[in-house]
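First listed ligand is number 1; within each ligand, the first listed atom is number 1. Values below: every heavy atom of this structure, side chains too, minus hydrogens, waters and symmetry copies. For this chain, numbers begin at 1 and follow the sequence in order.
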Amino acid sequence: MTTYAVGDIQGCLKPLKCLLDEVAFNRSCDVLWSVGDLVNRGPDSLDTLRFIDSLGSACIAVLGNHDLHLLAASRDASRLRKSDTLLPILKADDREQLLTSLRRRPLAHWDERLGVLMTHAGLPPTWTVKQTLKRAAEVEEVLRCDERLPLFLDEMYGNEPDRWKPSLTGPARLRCITNYLTRMRFCKADGTLDLKTKEGVGAAPKGFAPWFTYPRRDPQTQVVFGHWAALEAKTGVAGIHALDSGCVWGNSMTLMNLDTGERHQCSCGEPT
Ligand SMILES: Nc1ncnc2c1ncn2[C@@H]1O[C@H](COP(=O)(O)OP(=O)(O)OP(=O)(O)OP(=O)(O)OC[C@H]2O[C@@H](n3cnc4c(N)ncnc43)[C@H](O)[C@@H]2O)[C@@H](O)[C@H]1O
């Protein structure tokens, strides 16, 4: 059994299948981790969701900001933006099945055997792995609850509060957790987030640095994450594995063997 992790797919199904063929992925014994952002901007979001679902327990995917945006747009199509490529999903006969399956996916995944945590954006430097899983579970519980989901999605967008406090409550608490786990790039040592800057590490605003440059609360833990295409799948920090190599922006998709650390890349996608 081999565990692989793939970077942001964003509807780029062709390079995903190319990578799985290259490593002879066997769904009956191998496992594919996805760092989230399964959909949007790329050409085949609908078929990507269908393919990922067809893998069943052979795939573990955490939710990314674009996946959450899909859930929000499914409740209110006026949330769609010009650059979104989500309409085919919203018009599909199997949309409810696909969206229900997405709602059941986690925001964080921890593998004790590998000692690896996976989230879309990373591990907040002020949080332990245990705290991260507990806080992710708060949002996951709401995503699965028909009564609580609409308010969560209405209140999800926004950059405030920009710093975690255990005393946060209600929608602000859930928004803050969601932003840390699906949108974080730069932060201060005390965890204060800058959610505006999207360029590479050299673009850090004054007083901010990439989240992975701060000491970790659990130094032995490895982290796999996506979200930040401008990193070109590199952090320079041991045990912190960036996997978004910007496939949807015309670059390659990255697949990493988590047992050996070996990386594979495929550039057969259509530039968007
Ligand atoms: N709580 C919440 N609040 C607000 N929004 C929420 C939200 N929850 C979900 N959302 C949703 O989040 C989505 C993203 O919003 P945006 O923040 O508008 O999306 P984006 O710029 O495309 O960022 P993305 O997440 O795709 O990151 P990437 O690094 O690939 O791309 C970033 C940039 O990097 C650039 N880039 C890519 N590769 C690069 C490279 N090698 N070098 C330099 N730049 C590069 C790209 O051109 C791109 O402009 C929206 O749909 C929004 O609705």
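- Residue-ligand proximity, Asn179 to ligand 1, at heavy-atom distances under 4.0 Å covers atoms 1 (N), 2 (C).
- Using a 4.0 Å cut-off between a side-chain N of Lys or Arg and a carboxylate O of Asp or Glu, Arg105 and Asp53 qualify as a salt bridge.
- Just one residue in the list Asp37, Asp244, Thr182 forms a side-chain hydrogen bond (donor to acceptor under 3.5 Å, both in side chains) with His120, and that residue is Asp37.
- In terms of N/O distances under 3.5 Å, ligand 1 is not approached by Asn40.
- Of all protein heavy atoms, the one lying nearest to atom 6 (C) of ligand 1 is Tyr157 CD2, 3.6 Å.
- In this structure, atom 35 (C) of ligand 1 is not in close contact with the protein, since no protein heavy atom lies within 4.0 Å of it.
- Counting protein heavy atoms only, atom 41 (N) of ligand 1 is closest to Glu232 OE2, 3.2 Å.
- Scanning both residues, Ala72 and Tyr157, for their nearest heavy atoms gives CB-OH, 3.2 Å.
- Closest approach of Trp110 to Val116, counting heavy atoms only: CE3-O, 3.3 Å.
- Closest approach of Asn40 to Ser45, counting heavy atoms only: N-OG, 2.9 Å.
- Here the straight-line distance linking atom NE2 of His109 with atom CH2 of Trp33 works out to 4.0 Å at 0.5 Å rounding.
- By the 4.0 Å heavy-atom criterion, Gly246 is excluded from the residues contacting ligand 1.
- Contact annotation for Trp249 and ligand 1: only side-chain heavy atoms (C-beta onward) come within less than 4.0 Å of the ligand.
- Those atoms of ligand 1 with a heavy atom of Trp228 less than 4.0 angstrom away are 29 (O).
- By heavy-atom distance, the residue among Gln10, Lys198, His66 lying nearest atom 24 (P) of ligand 1 is His66.
- Taking all heavy atoms of Met156, Arg175, His69, Arg41 into account, the minimum distance to atom 1 (N) of ligand 1 is reached by Met156.
- Regarding atom 25 (O) of ligand 1, its nearest protein heavy-atom neighbour is Asn65 ND2, 2.9 Å.
- Ionic pairing of Arg103 and Asp146 is present here: one or more N-O contacts between side-chain nitrogen and carboxylate oxygen are shorter than 4.0 angstrom.
- Between Arg79 and Asp154 there is a salt bridge, since at least one side-chain N of the basic residue sits less than 4.0 Å from a carboxylate O of the acidic one.
- Here Arg113 pairs with Asp259 in a salt bridge; the nearest charged N to carboxylate O distance falls below 4.0 Å.
- Residue, atom and distance of the protein heavy atom nearest to atom 38 (N) of ligand 1 are Ala229 CB, 3.6 Å.
- With respect to Arg163 and Asp190, a salt bridge is recorded, a charged nitrogen being found less than 4.0 Å from a carboxylate O.
- Nearest protein heavy-atom neighbour of atom 29 (O) of ligand 1: His227 O, 2.8 Å.
- Taking only non-hydrogen atoms, the option from Arg185, Arg81, His120 nearest to atom 15 (O) of ligand 1 is Arg81.
- Not a single heavy atom of Gly200 sits closer than 4.0 Å to an atom of ligand 1.
- In summary, Asp84 and Arg81 do not engage in a salt bridge, as defined by a charged side-chain N under 4.0 Å from a carboxylate O.
- For atom 7 (C) of ligand 1, the closest heavy atom belonging to the protein is Arg183 CD, 3.5 Å.
- In terms of protein heavy atoms, atom 45 (C) of ligand 1 is closest to Ala230 CB, 3.8 Å.
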